[in-house]
Amino acid sequence: MPWRTGPRDRAAGVRPDPYRVWLSEVMLQQTTVAAVKSYFLAFTERWPTVTALAAARDEDVMAAWAGLGYYARARNLLKCARVVAQDYGGQFPQDHATLLTLPGVGRYTAAAVSAIAFDDPQVVVDGNVERVMARLHDEHTPLPQAKPVLTGYAAALTPVARPGDYAQAVMDLGATICTPKRPACGLCPWRAPCAAWAAGTMAELPKKAPKKRKPTRHGIAYLARRVDGAWLLERRPDKGLLGGMLGWPGSDWSDDPAEAPPIRAEWRELGEEARHTFTHFHLRLTVKTALVPMERTPDRGDFIEAPDFSPSDLPTVMRKAFDLAQGSWSKVR
DNA sequence: GACACGTGGCT
DNA sequence: TAGCCAAGTGT
């Protein structure tokens with residue numbers, strides 16, 4: 001993984017760069033390694049230091065984060081970079097309690113940065129560690145109730161020597177061997193002391209509270225293209241779903257959304273809805289398209305010149321609407 | 001403690 | 001296809 005340093009680096013006395021550790025940990029929050037890799041490389045290439053990131057324009061960072069999800073992370077990432085640049089002289093604070101005060105840095109990330117970047121033996125507990133501890137101790141109390149107990153188990157194992165390597169090793173164990181389904185116990189270095197292995201309960205741990213089912217909401221997205229090729233887009237407010245991201249103007253998302261065209265035009269409805277699932281609801285998005293003349297002024301949103309817009313700047317749900325419209329327009333042609 | 005907050009891959 | 005799941009944080 002591009003954010004890891006190797007044994008040769010450390011033998012030469014090289015410590016991991018706190019900026020890269022922090023950036024990777026924020027990207028990895030609730031997100032898979034496979035999804036993070038290309039984003040991490042793009043960010044570090046474009047903004048090699050926290051000072052460089054702090055100087056970036058908001059819209060550039062949001063566009064670079066587009067597709068990775070949980071966009072509050074990107075807003076907090078920028079806030080945090082600016083705090084580090086302005087209040088800490090561009091150097092990440094090494095103190096765990098101070099790290100915890102930074103925007104977007106919670107218990108997990110503060111502990112991970114402390115251990116990995118600063119060799120400070122803080123207790124790193126993520127979903128992997130919870131699963132490994134639940135199995136190691138055959139803990140049947142469901143999450144999130146079991147969290148304090150599992151954290152206690154993790155604390156008892158955290159070593160003073162090489163806490164960063166230890167934390168990453170346990171997370172790697174959880175990610176590759178002690179997996180949620182069908183754990184590879186035959187390969188596990190901790191099989192002998194594992195209480196769940198002894199009891200045969202490893203596949204059913206950790207227990208979790210049952211999930212609530214997701215309701216389905218509906219919405220309308222309006223994709224207007226000006227005759228010169230410019231696109232009508234809108235910056236979403238910082239708070240709430242997809243906060244700070246670019247999107248197509250649209251209706252609210254509800255049981256029965258009202259029409260909300262952002263500009264006077266002959267709107268054509270596509271035959272297919274864009275479907276997307278968020279954390280807590282399913283969305284079926286009706287897509288309407290229109291071609292509008294040069295002189296007409298939108299009620300909402302702004303026209304962005306074609307060369308200044310890339311669909312990769314959009315959150316995935318908005319890109320799905322775009323993709324559907326592309327298909328329909330090419331069919332007409 | 002409960003809930004809001006994305007996305008893509010896997011089963 | 002639909003549900004589950006991933007290196008969480010903020011409110």
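Note: hydrogens, waters and symmetry copies are ignored here, and every other heavy atom, side chains too, is used. By convention in this document, chain letters (A, B, ...) are assigned in the order of the sequence lines, proteins followed by strands, and residues within each chain are numbered from 1.
Taking only side-chain atoms of A:Lys181, from C-beta outward, the nucleotide of C:dC5, B:dT7, C:dG8 with the closest atom is C:dC5. Side-chain proximity of A:Pro180 to C:dG8, C:dC5, B:dA2: nearest is C:dC5.
No donor-acceptor contact under 3.5 Å links the side chain of A:Tyr108 to the base of C:dG8. On a pure distance criterion of 3.5 Å, a polar donor-acceptor pair joins the side chain of A:Thr279 and the base of B:dG6. A donor-acceptor contact under 3.5 angstrom links the side-chain atoms of A:Thr31 to the base of B:dG6.
Taking the centre of each ring, A:Phe40 and A:Phe43 stay at or above the 6.0 Å mark.
Taking only side-chain nitrogens and oxygens, A:Tyr71 comes nearer than 4.0 Å to OP1 or OP2 of B:dT7. Side-chain N/O atoms of A:His280 include one lying less than 4.0 angstrom from OP1 or OP2 on B:dC5. Side-chain N/O atoms of A:Thr316 include one lying less than 4.0 angstrom from OP1 or OP2 on B:dG8. Residue A:Arg319 places at least one side-chain N or O closer than 4.0 Å to OP1 or OP2 of B:dG8. The side chain of A:Gln29 contributes no N or O atom lying less than 4.0 Å from OP1 or OP2 of C:dG8. One finds a side-chain N or O of A:His276 lying less than 4.0 angstrom from the OP1 or OP2 phosphate oxygen of B:dT7. At C:dT9, one or more side-chain N or O atoms of A:Thr109 fall inside 4.0 Å of OP1 or OP2 (strictly under the cut-off). Side-chain nitrogen and oxygen atoms of A:Lys208 include at least one within less than 4.0 Å of the OP1 or OP2 phosphate oxygen of C:dA6. A:Arg131 has no side-chain polar atom (N or O) that falls below the 4.0 Å cut-off from OP1 or OP2 of C:dC5.
Between A:Gln30 atom CD and C:dC5 atom C1' the separation is 9 Å, expressed in whole Å. The distance from atom NE2 of A:His282 to atom P of B:dA4 is 14 Å, rounded to the nearest whole Å. For the pair A:Arg284 CZ and C:dT1 C1', the interatomic distance rounds to 12 Å; values are reported in whole Å. When the P atom of C:dG8 is taken as reference, atom CG of A:Leu150 falls 15 Å away, rounded to whole Å. Taking atom CZ of residue A:Arg182 and atom P of nucleotide B:dT11, one finds them 8 Å apart after rounding to whole Å. In this structure, CZ of A:Arg75 is placed 7 Å from P of B:dG6, rounded to the nearest angstrom. Here the P atom of nucleotide C:dG3 and the CZ atom of A:Arg213 are 8 Å apart, to the nearest Å.
Between the side chain of A:Arg135 and the backbone N or O of A:Cys194 there is no donor-acceptor pair closer than 3.5 Å.
A:Tyr108 and A:Gln29 share no side-chain donor-acceptor pair at under 3.5 Å. A:Tyr222 and A:Glu259 form a side-chain donor-acceptor contact under 3.5 Å, judged by distance and modelled atom types alone.
Taking atom P in both C:dT11 and B:dG6, the straight-line distance is 14 Å, to the nearest Å.
Position along DNA chain C of the nearest nucleotide to A:Val33 versus A:Lys79 favours A:Val33 as the more 5'-ward residue. Comparing A:Lys239 and A:Val125, the nucleotide of DNA chain C nearest to each residue sits closer to the 5' end for A:Val125.
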Query - Audit row: A:Glu272, A:Lys320, salt bridge (Lys or Arg N to Asp or Glu O under 4.0 Å) steps and yes/no - result: CA-CA 11 Å; A:Glu272 194 182 349; A:Lys320 284 181 181 177; over 6 Å; no
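Across all strands shown, A:Arg4 has heavy atoms under 4.0 Å from base atoms, whether or not it also approaches the sugar-phosphate.
A distance of 8.5 Å separates NE2 of A:His218 from CG of A:Asp256, quoted to the nearest 0.5 Å.
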